[in-house]
Each structure stands twice: as structure tokens, then as C-alpha cells.
**Student:** 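Here's a structure for you.
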Number of protein chains: 2
Amino acid sequence: MNSPRRVTLQDIATSVGLSVNTVSRALAGKSAVSEETRAMIKAEADRLGYVPNTMARSLVLGQAMTIGVVITNPSNPFYSRMISAIEQRGSTLGYSVLLVVSEENHANELRAVESMRRWGVDGALVVPVQPEVDHWRRLVAAGTELVLVNRDLPELDCDLVGIDYERGAYQATLHLLDSGVERMYLLEEDLAISTVGARMAGFDRALTERGVPAESVRVLRVPTRRRAANTLPWEPAEAYELAQRLVADVPPRSGILVGNDYFALGVYRALTEAGRRVGEDVSVVGFGDHPFSAYLDPGLSSVRLPAEQVGTAAVDQLVARIGRRGSGAPRTRISFPGELVVRGSSNHRQSTAADPGSR
Amino acid sequence: MNSPRRVTLQDIATSVGLSVNTVSRALAGKSAVSEETRAMIKAEADRLGYVPNTMARSLVLGQAMTIGVVITNPSNPFYSRMISAIEQRGSTLGYSVLLVVSEENHANELRAVESMRRWGVDGALVVPVQPEVDHWRRLVAAGTELVLVNRDLPELDCDLVGIDYERGAYQATLHLLDSGVERMYLLEEDLAISTVGARMAGFDRALTERGVPAESVRVLRVPTRRRAANTLPWEPAEAYELAQRLVADVPPRSGILVGNDYFALGVYRALTEAGRRVGEDVSVVGFGDHPFSAYLDPGLSSVRLPAEQVGTAAVDQLVARIGRRGSGAPRTRISFPGELVVRGSSNHRQSTAADPGSR
DNA sequence: ATGAAAGCGCTAACAA
DNA sequence: TTGTTAGCGCTTTCAT
């Protein structure tokens, strides 16, 4: 009933009548062991069910073989897909993943830093909550390699792997204007993060380029207060309420760009309830191409974000950093393009819904 | 530039001119230290920026202070919410989370077991992929406490924390029949997992209870093959294709119960394209109450699943087990009820959409 | 090719 | 109250 003590190198050594050292080298595939002894030792290790103790190994080697992952909100499909990719890529490279969820909460980030330091993780992949950087600096100062993911922290001098939101927003805005939109709205998250700024910049650039007058443009921030402990920070409900108030103002030939597809849900409902038809007199484009977006009616045009690529590249970047520990290599910034997927919500010319197979 | 070596107990000891042991006890809050020395040591620890080395601590204590979490697919909102809850609850109780993502893939589960054993995690929270249990047995035999989450493994004698899907399906089916449905369809995942079986059982129970003739009932399995590496295992696309073929057959006053809300997306589209109106001549009810479900048009009725409660309870159960290590306490099974949320998709009597605020 | 010894950073038993 | 010793399981000198 009671679980037997874990098998150690010592157990194997005793069993085969050799020293711990030899067993260690045999199992590690080092050279200085005769092939027959090695085979013998391996067989015995198997027989006893030996599993190396990572903690002991890490302690002596001084490397944890672990990367810390600090995510704000796994319920965001973008992050959940990223987590999968990170974990898979990490394990391929021999790293385990220590996960901390910040829930957009600073206190949890402090907790994360604490945890990373205690474990002595080799590096951390971080989606930061706030512009504040002190705690991250502390982590870096302690010798942990840090790679920011998706959100940038200008004050922090370290690698970033993310998305080119500026360009994504630029293209999406152009697309809306090209499809005949005359008035533009931008609904954005009310968070002080780089992604929002980038999208706003791209939005502005497109408008300027096309000479859209300022009075035809409105930027609105969707409150991100939480309704309850278990709700998403980006509630469609918030966008819905905001859009409800907006709807009366929104003339035909309007375009609404929203910072994430959840917001589009609220906008759809507000418009539908007001008797407006999305994709006909009002166009909507979102960000993220969430799993549901292709299946809304009409299908939601959205900027698809390559979450897996970001996750994989982030791990690669981090592991590369770990490899050349504290070499002071200049910081790298990788950004992947989003891909605008056009569907019925912004397709004035053709009124049919987009092919769902296209997602 | 180069990161300084980590501060150890030894460093503090040298600095204050005491032994490592005293420093250890002072910092651990043990009794046998005078209050002034303790204060002095603590101050020095702070000054030097001491952070305890968890690995060293775990190695000597023989407990990893870590729980392994094996999840099939974080992109499922149910699991992503659960992951958050698990991580938060775990950290409250002093446990870190080592995450492995199986992606519904057996090979990844084997990898997970390997990883858990190497790290010597104190316990693991597992959403199993397959009925096969050998590898889990191995993990348990190695002394790791195991709690199954959401999906049961009848052959494995260990704790389970999940959802009462049988009852959820039973109630959802009764609800459909009560709203005037005469023909019933069940679209289920094509996976050999307990949740599917439970929902089918609940479905059958309701039908039997109401005396619905067998010829008025059809159960269909939605293929779960993956279209590409980055797609969800539960593609709305699969449900869509299946529903397309089904639509011609589906008479008015039909009810469709689907195993998860993603499937409902495909069903909605198929019905809409065929000119059928969801919630009028065909009712649909899903499972999971995903974030988008309240915002579909009409709102999707769905059985809400308390993911956070499941996650929290699972951690509590696991930690309790860890506390009474190998005491051979009989296995526990906790299941939380789902809550049917009725919206426009199954509300024949009232044709208006449900209040979106209700989610 | 193999073994002995030392030590990673920490805690626990036992002395003093 | 404090210090000494030993050891968690492993790897890495340095001998042999």
C-alpha cells in the first residue's frame, strides 16, 4: 500500500556492485565506461524502475531546466493557444513549464516573481499586466533571462516576441475604408498596455493616410472592471453596454474596429437589437479570430493572430538567451504579422457570409 | 552586467558571524533563536536580497511543493478557467504548478508521467485522454498522489473531482421536451471518455422517463480528427458538416443537444443556411456556457459548468491526499452540478432572446 | 575504466 | 540559544 522509496543511483550501484559515480556516467552516456558495464547498468536501472531526480540534478548543475510562464488570462484564446505552444516547444527542448496566472493583477505578478526566484527558473516568458517594471528588473537582476510576450514594456530592456498590432490595425482600418465606410469607430481595451497603443497608432495611420476628417472618427475605451471573480477581464457585456449607447449615433456606412473579438459579440448584439444589420449598414472587424468568430452571423472579419508561432518563437528566443547567459547581447524584438480574415461583417460589396471553412 | 551569484544561507551566516543552521532556523521562524538575533538575521537577509532555494529545500525535505497539472486542451474555456483556479488555489496553499498539455494525445501523456516522476511532484491533477490507465498506475505506484479531473477512469482507483454530466444532460433533455420538442438529437464528441457516456446516459434517462419512442431519437458522434496542428480538437467545422447533412431530416419541433458549445456554432450555421430558425422550429442546448454563447443570436441555452469550483476543489482534494500520504483512504468522488441557463435557442414559448446579463 | 571525495543549498538530529 | 555533523541525490574533479 505504502509507496516504496524512490530508486536512486545508489540503489543501482549497490545492486550491480559498482560505485555511484560509474552508474551516473553510464546512464548519462559519458565516455569513460565500458560498453558491457553500461549495458548491464542500464538493464538494472530499467529493472529497478529508476527515474533520475531532476531536483538533485538541477541543484548540482545550477540550472533548473525550467521556464516560468506568466500569463494574464488563459481564457483568452490567444493566450491559451500560446500556452500550448510554449509547453510543447519547451518540453521538446528539455524544459518544464512553471505556470503562474496573473489575471491582470499586479499582486499576482509579484507572487510570480517570487516564485520564479525561489525556483531559480532559467528564464521566464512574461505577458506583463502593467507598465511598472521594478519587479521584472529584480527578476532579471537575480539572473533570470526574461522574454516579454505579446505586450511590450518600453522601460524594460529585454527581448520581445509579439504581434505587429500596428500594422494589423492599419490594414484592418484600410479594409474598412475600402469597403465604403465613412465613419470610423475604435473600441479598445481600457488597459495601459502596448498592444492597445499599437492598434490605435495603426488605426490613426490609416485614417491620416486616407484623409478621414477627425470628426468622422471616435475612439472609445471599454471598461475592463470585472463583474465577478470568475468573469473574463474582457467582458462582451462591457462592450455591449457601451455599444448600446453608441448605436443611436452610428450612421450607416460606419465601421467599427474592436480590439478583440469578445467585444465584437457585444457590438453585434447591440446593433442587432437596434435593428441594424452587421455587414450591411455597419461593418465590424475584430482582433484574434477567436474560434467562434467564423460562426457568428454574419461571420466576423478579424485579424488572425499566430499564437502558436509567437509561443514557439518566444521559447526559442528564451532558450537562446539562456544558452548565452548574461552575454549582454542586445535585445531582440520579433513580431509576427496578423492576417486579416475577411468575412461577412465587413463585406459590403458581397452580402453573403464568408466561407466558414476558411478559418 | 553579469548576474551575481545567488545569495545563500551561508552568505548571510558569514556576514552576521553565525552558523548556517542558526540563520536557517531564524528565517524559518523556529523557536530556538533569540529575538534580537532573529531580527538581525532577517535584516541582513533582506539587505543581501536573500531568496530561499526551493530546490534545495525540496530535496532535503523530500517534498516538491509542486503539483503537476495535465490538461488536454487549454483552448477549451472550461479547462482554461480551471487552470486559473488551480494555479491560484495551489499557490494559496504553497504549491507551484507544473503544467503539461496533452492535446488529447496519448504520447504527450506518457511524457507528462515522465516529467512528473522526474520532478517528484507531490501530486498530479489529471484530465485523462484515454481509457488506458497503465501509465497513471505507474505514476501512483511511484508515490504520486493522483486526482482525476472532469473525466473519470473507472479502471483507476483514485479520487475524482468533476461535473455531474448525467444529471446535466437529463435536465437539459427534459427542458427540451418540456418546451415542445418531439424529436431529439444528441451530437456528441467522438472520444472514449466518461463525460460523453454520462451525458448520453442522462439523455436516455430523460427520454425513457418521458416515453419518447426510439424512432424519434438519434445520437450522432462528431468526428474529432484534427484538421491541422493548430486547430481545436472540437472543431465547430466538424459539427457544421455533420449538421448540414442532418438538416434535411430535421423536422420542426426538433431538439438538438450538443456535447459542447463549439458544436452548437456549427449547428447554428447549418440551420441558418437551410433557412431554419434556431429557437423557433428547432431548439438547441449546449454544454459549457462558453463566453460567446450568451451572445449568439439567438442566445444559446447551455449547461453552465462551474470550472473554478472544480479546479479549486480538485486542488483541495489533492492537497488533502498529500497530507495523509499513502494512508490508503478510500477514494472520493466529488461532482458539481451543472446549471442549465435557458436562452432563446430553446425557448419556444417566448421567442425573444434571453437577457445577456444573465451570464 | 572505475572509485573516492567534495559540494550544490538546505534542514534535522544531536551536542554543547 | 547556538554550533557541529550528516545527508537529500546527483555530478564533477581528481586519483587510481
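What you are looking at is a predicted structure, and each value in this text was computed from that prediction instead of being measured. To find a chain, count down the sequence lines: A is the first, B the second, and so on, and within it residues start at 1.
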**Student:** Can you check the B:I12 CD1 to C:dG9 P distance for me, whole Å?
**Tutor:**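 One finds 12 Å between P of C:dG9 and CD1 of B:I12, rounded.
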
**Student:** Between A:D159 and A:R333 (salt bridge meaning N to carboxylate O under 4.0 Å), is one present in this structure?
**Tutor:**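 The answer is no: the pair does not qualify as a salt bridge.
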
**Student:** Can you check the B:Q10 CD to D:dT5 P distance for me, whole Å?
**Tutor:**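 Spelled out: CD on B:Q10 to P on D:dT5 is 14 Å.
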
**Student:** Rounded to whole angstrom units, what separation is found between the NZ atom of A:K30 and the C1' atom of D:dT12?
**Tutor:**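 From A:K30 NZ to D:dT12 C1': 8 Å.
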
**Student:** Which pairs count as side-chain hydrogen bond (donor to acceptor under 3.5 Å, both in side chains) when at least one residue sits in residues 90-99 of chain B, sequence neighbours excluded?
**Tutor:**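 Every pair satisfying side-chain hydrogen bond (donor to acceptor under 3.5 Å, both in side chains) with a residue in residues 90-99 of chain B: A:R111-B:S91, A:W119-B:S96.
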
**Student:** When you check the gap from the basic side-chain N to the acidic O, do B:R6 and B:D11 get nearer than 4.0 Å?
**Tutor:**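 Between B:D11 and B:R6 there is no salt bridge, as every charged N stays at least 4.0 Å from the carboxylate O atoms.
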
**Student:** Could you check whether any side-chain heavy atom of A:S115 comes within less than 4.5 Å of a side-chain heavy atom of A:L98, counting everything from C-beta outward?
**Tutor:**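 In contact.
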
**Student:** Could you tell me which residues satisfy side-chain contact (heavy atoms from CB on, under 4.5 Å) with B:E44, sequence neighbours excluded, listed by chain and number?
**Tutor:**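 B:E44: side-chain contact (heavy atoms from CB on, under 4.5 Å) contacts with B:I12, B:S15, B:V16, B:R47, B:L48.
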
**Student:** We want to know whether B:E103 and B:T72 form a side-chain donor-acceptor pair, criterion being a heavy-atom distance below 3.5 angstrom.
**Tutor:**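 No - no donor-acceptor pair under 3.5 Å links their side chains.
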
**Student:** Applying side-chain contact (heavy atoms from CB on, under 4.5 Å), can you list everything that pairs with B:N21, at least two apart in sequence or on another chain?
**Tutor:**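 side-chain contact (heavy atoms from CB on, under 4.5 Å) check on B:N21 returns B:S19, B:R25.
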
**Student:** With a 3.5 Å distance limit and no angle check, can you tell me whether A:R325 reaches the backbone of A:D122 through a side-chain donor-acceptor pair?
**Tutor:**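 A pair under 3.5 Å: yes.
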
**Student:** For residues 34-45 of chain B, which residues have at least one heavy atom under 4.0 Å from DNA chain D?
**Tutor:**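 B:S34, B:T37 - these, ordered by number, are the residues of the stretch whose heavy atoms sit under 4.0 Å from the strand.
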
**Student:** How long is the line joining CG of B:L9 and P of D:dC8, in whole Å?
**Tutor:**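 Rounded to the whole Å, the gap is 19 Å.
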
**Student:** Given 3.5 Å as the limit, does a donor-acceptor pair link the side chain of B:T312 with the main chain of B:Q309, or not?
**Tutor:**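 Flag not set: sc B:T312 to bb B:Q309 has no pair under 3.5 Å.
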
**Student:** Which residues in residues 19-27 of chain B have at least one heavy atom lying under 4.0 Å from any atom of DNA chain D?
**Tutor:**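 Hits under 4.0 Å, by residue number: B:S19, B:N21, B:T22, B:R25.
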
**Student:** Any side-chain to backbone donor/acceptor pair from A:S75 onto A:N73? Under 3.5 Å, distance only.
**Tutor:**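 Side chain of A:S75 to backbone of A:N73: no pair is present.
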
**Student:** Under 4.0 Å from any atom of DNA chain D, heavy atoms only: list the residues of residues 53-65 of chain B that qualify, in numerical order.
**Tutor:**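 B:L59, B:V60, in order of number.
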
